[in-house]
Amino acid sequence: MKTANNNNINGHAIVVGGSMAGLLAARVLSEHFAGVTILERDAVSDIPESRKGQPQTRHLHALLAQGLNVMAHYFPDLIEGLRQEGAIITDMSKGMRWFTHGGYRLQVQSGLYGALMSRPLLEWQIRRRVLALPNVRLIDQCDVETLLFTADKRRVTGVRAIQRSADGAAADYAADLVIDAGGRGAAGLKWLAEAGYAQPDESVVKINIGYATRVYRRRPLDLEGATLLIVSPEGPNDKRSGIAFPMEGDRWIVSLGGINGDHPPLDEQGYLAFARSLPAPDVYNLLLKLEPISSIMPYKFPTSVRRHYEKLAPFPEGYLVMGDAICSFNPVYGQGMTCAALEAQALDASLAQRSSRRNLARDFFRRAAKIVDNPWKMAVGSDFCFPGTVGKKDAGVDFINAYMARVQRATQRDPVVLGAFYKVMNLMQPPASLFAPRVLLRVLRHGKTAGAAKQTNIPHARPAGD
């Protein structure tokens with residue numbers, strides 16, 4: 001995988017939004033345009049911190065193996081930089097103690113490595129590398145008001161924005177390409193409507209998930225035999241989950257969550273009681289050992305939304321949409337940053353193959369739709385295991401969920417099924433690969449009942465006296 005050598009690098013590109021999708025887009029655009037400007041609404045400091053417009057960055061994030069691979073391609077020294085700042089690079093199977101469907105998955109070497117760190121640390125590491133590029137600049141505290149069009153509205157020619165840190169006057173920024181990476185609530189839909197364009201079809205699935213996150217001090221002997229913990233709900237009646245990840249600064253970040261309104265309390269006793277109610281005691285037992293160093297922070301995510309830009313025609317030249325503005329999933333599955341990285345890779349391919357940049361939107365949105373399609377189906381399909389999920393359910397979802405339940409149980413016994421599952425989870429293989437004959441036979445053989453709960457040194461029973 002290598003960026004094509006474009007000998008005709010010219011023009012100017014604007015990226016609206018300086019979060020993860022925007023930064024990755026800017027890195028790719030730097031190979032294809034003489035200049036790239038990122039316009040970010042928040043104030044940005046050269047430190048790892050959560051900004052006002054990023055409430056979700058204070059919560060637990062996962063960077064899947066595929067996402068780490070793509071980012072490491074564009075930033076070859078990223079992994080070492082993350083390690084130097086205290087991030088943990090771990091095997092996605094060997095280091096993970098994961099209880100689901102009545103038992104623990106096997107913990108064996110998979111060769112798939114993910115990164116564990118706070119979202120602000122990862123974004124800061126990416127941002128520093130992007131802004132070190134000679135043809136990339138960032139303007140912060142900048143509110144983009146609208147797109148600029150040619151008189152016939154067929155091409156976007158830039159944006160109008162107000163830089164709050166300057167005199168507050170609106171200014172026009174010309175561009176040969178504008179990338180809207182402003183997030184799920186980006187104003188691009190309004191801008192397109194004002195220019196007379198139709199709105200993209202939307203797929204919406206209401207899940208009403210809520211979770212609560214707290215940061216704790218981390219010591220070397222807090223957890224034996226694993227690097228991180230996950231306790232997943234099986235459905236339909238069990239709706240609660242718990243995750244504990246290590247991160248830089250010798251800290252744990254712990255998130256408790258529930259779907260369809262079953263949300264964790266924000267007081268100390270209620271938080272611990274919610275952790276104790278999980279189908280395995282691992283997260284609760286860990287919390288009993290830990291010293292909290294933050295308040296309990298809530299976050300709610302009412303709906304998963306996918307916008308089908310690939311079906312929208314006509315569409316203006318010189319304008320694209322990326323990241324959460326295309327699709328935002330149930331965050332529990334940890335797919336967002338990896339999808340953003342894959343979309344940046346798709347943008348790279350589209351630009352490399354279209355020297356004139358005409359019909360770029362059609363090509364890119366088709367590529368992005370293929371990227372989003374599998375994780376969307378996996379996420380919303382899993383959400384339909386729980387009563388109360390509202391939205392269009394594709395034909396065959398119940399059958400697939402029944403089969404996936406057997407896959408989950410088989411991962412507790414069979415390393416071949418486990419390896420195939422992790423490749424799908426890390427967006428390296430399509431879900432259809434789990435139906436390959438070699439995997440299917442093992443799922444049917446080993447997925448009937450849950451594996452033994454004694455995969456860990458933590459007793460499966462609740463602690464006596466609690």
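Quantities reported herein were computed from a predicted structural model and do not represent experimental measurements. When reading the values below, keep in mind they use all heavy atoms of this one structure, side chains included, and skip hydrogens, waters and symmetry mates.
Counting heavy atoms from C-beta on, the side chains of I79 and L68 come closer than 4.5 Å. A heavy-atom distance below 4.5 Å is not found between the side chains of R366 and Y309. By the 4.5 Å heavy-atom criterion applied to side chains, Y216 and L287 are counted as neighbours. In this structure the side chain of L177 never reaches within 4.5 angstrom of the side chain of I14, judged on heavy atoms. The shortest side-chain heavy-atom distance between I126 and L78 falls under the 4.5 Å cut-off. Annotation: side chain of L351 is in contact with side chain of L360 (closest heavy-atom distance under 4.5 Å). Between L228 and P246, the closest side-chain pair of non-hydrogen atoms falls below 4.5 Å. Taking 4.5 Å as the limit, some side-chain heavy atom of L320 sits within range of a side-chain heavy atom of L347.
Judged by distance alone, with hydrogens and angles left aside, the side-chain atoms of H263 form a donor-acceptor pair with the main-chain N or O of N208 at under 3.5 Å. The backbone N or O of A379 sits nowhere less than 3.5 Å from a side-chain atom of N330 that would complete a donor-acceptor pair. Between the side chain of D262 and the backbone N or O of G258 there is no donor-acceptor pair closer than 3.5 Å. Side-chain N or O atoms of S277 include one that pairs as donor or acceptor with a backbone N or O of F274 at under 3.5 Å. Panel note: side chain T389, backbone D383; a donor-acceptor pair is recorded below 3.5 Å. Judged purely by atom type and a 3.5 angstrom limit, S382 uses its side chain to pair as donor or acceptor with the backbone of M378. Between the side chain of T303 and the backbone N or O of V305, no donor-acceptor pair lies under 3.5 Å. Proximity of a side-chain donor or acceptor of N135 to a complementary backbone N or O of F33 within less than 3.5 Å is detected. Side-chain N or O atoms of D176 include one that pairs as donor or acceptor with a backbone N or O of H12 at under 3.5 Å. Judged purely by atom type and a 3.5 angstrom limit, E248 uses its side chain to pair as donor or acceptor with the backbone of S118.
A donor and an acceptor atom, one from each side chain of S203 and R306, are nowhere located under 3.5 Å apart. Checking D46 against W124 by side-chain atom types alone, a donor-acceptor pair falls below 3.5 Å. Side-chain contact check for R214 and S295: no donor-acceptor pair (N or O, by modelled atom type) lies under 3.5 Å. Judged purely by distance below 3.5 Å, without hydrogens or angles, the side chains of S350 and R367 pair a donor atom with an acceptor atom.
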Q: Could you give me the CA-CA distance, side-chain angles and deciding distance for S19 and R119, then say whether side-chain hydrogen bond (donor to acceptor under 3.5 Å, both in side chains) is met?
A: CA-CA 10 Å; S19 193; R119 165 66 184 268; 2.7 Å; yes

Q: Any chance you could lay out the side-chain hydrogen bond (donor to acceptor under 3.5 Å, both in side chains) test for R58 and S50, step after step, and finish with the verdict?
A: CA-CA 6 Å; R58 296 175 174 84; S50 296; 4.6 Å; no

Q) After noting the C-alpha distance and the side-chain angles of M117 and I88, does the key distance pass the side-chain contact (heavy atoms from CB on, under 4.5 Å) rule? A) CA-CA 7 Å; M117 72 273 116; I88 296 94; over 6 Å; no

Q: Test side-chain contact (heavy atoms from CB on, under 4.5 Å) on K423 and L112 and set out the steps.
A: CA-CA 8 Å; K423 287 180 180 178; L112 305 178; 4.1 Å; yes

**Q.** Test side-chain contact (heavy atoms from CB on, under 4.5 Å) applied to Y113 and T90, step by step
**A.** CA-CA 5 Å; Y113 289 89; T90 187; 5.7 Å; no

Q: Begin from the C-alpha positions of L122 and M337 and carry the test side-chain contact (heavy atoms from CB on, under 4.5 Å) through to its verdict.
A: CA-CA 10 Å; L122 176 61; M337 291 193 295; 3.7 Å; yes

(Q) Between W98 and S232, is the side-chain hydrogen bond (donor to acceptor under 3.5 Å, both in side chains) condition met? List the steps. (A) CA-CA 8 Å; W98 190 342; S232 295; 2.8 Å; yes

Q.
Between F315 and F365, is the ring pair (Phe, Tyr, Trp, His ring centres under 6.0 Å) condition met? List the steps.
A. CA-CA 11 Å; F315 195 84; F365 286 138; 5.1 Å; yes

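Applying the side chain to side chain contact (heavy atoms under 4.5 Å, CB included) test between R307 and each of D201, L189, V321 identifies L189 as the sole match. None of D140, D42, D143 except one satisfies the salt bridge (Lys or Arg N to Asp or Glu O under 4.0 Å) rule with R164; the exception is D143.
In terms of heavy-atom proximity, P316 sits nearest to L192 at CG-CD2, 3.8 Å. Between V397 and K393 the shortest heavy-atom distance is CB-CG, 3.7 Å. Closest approach of V254 and Y271 over heavy atoms only: O-OH, 3.2 Å. Scanning all heavy atoms of the two residues, the minimum distance from A13 to L29 falls at CB-CD1, 3.9 Å. The shortest non-hydrogen separation linking L133 to S30 is CD1-OG, 3.5 Å. Between A161 and Y173, the closest heavy-atom pair is CB-CE1, 3.8 Å.
Under a cut-off of 6.0 angstrom, the local environment of NZ in K377 is sparse, with at most 12 non-hydrogen atoms contributed by other residues, nucleotides or ligands. Taking a 6.0 Å sphere around NZ of K239, one finds it holds more than 12 heavy atoms contributed by other residues, nucleotides or ligands.
Going from atom NE2 of H61 over to atom CG of L116 covers 13.5 Å, rounded to the nearest 0.5 Å. Atoms CE and OG1, from M428 and T338 in turn, are 9.0 Å apart once rounded to the nearest 0.5 Å. Taken to the nearest 0.5 Å, the CD1 atom of I293 stands 12.5 Å off from the CH2 atom of W252. To the nearest 0.5 angstrom, R362 atom CZ is 9.0 Å from E317 atom CD. Note: T150 OG1 to D152 CG = 4.0 Å, rounded to the nearest 0.5 Å. Separation of atoms CG (D348) and CG (L24) is listed at 11.5 Å; rounding is to 0.5 Å.
Ion pairing of E145 with R160 is absent here, as no side-chain N (NZ or NE/NH1/NH2) approaches a carboxylate O to less than 4.0 Å. Under a 4.0 Å N-O distance rule, the pair D222/R219 qualifies as a salt bridge. The pair R51-E40 meets the salt-bridge criterion, with a side-chain N (NZ, NE, NH1 or NH2) lying under 4.0 Å from an Asp/Glu carboxylate O. R217 has a carboxylate O that lies under 4.0 Å from a charged side-chain N of E291, or vice versa, which qualifies the two as a salt bridge. Using a 4.0 Å cut-off between charged side-chain N and carboxylate O, R129 and D77 make a salt bridge.
Taking the six-membered ring where the residue is Trp, Y211 and H59 present perpendicular rings, their angle passing 60° and hence far from 30°.
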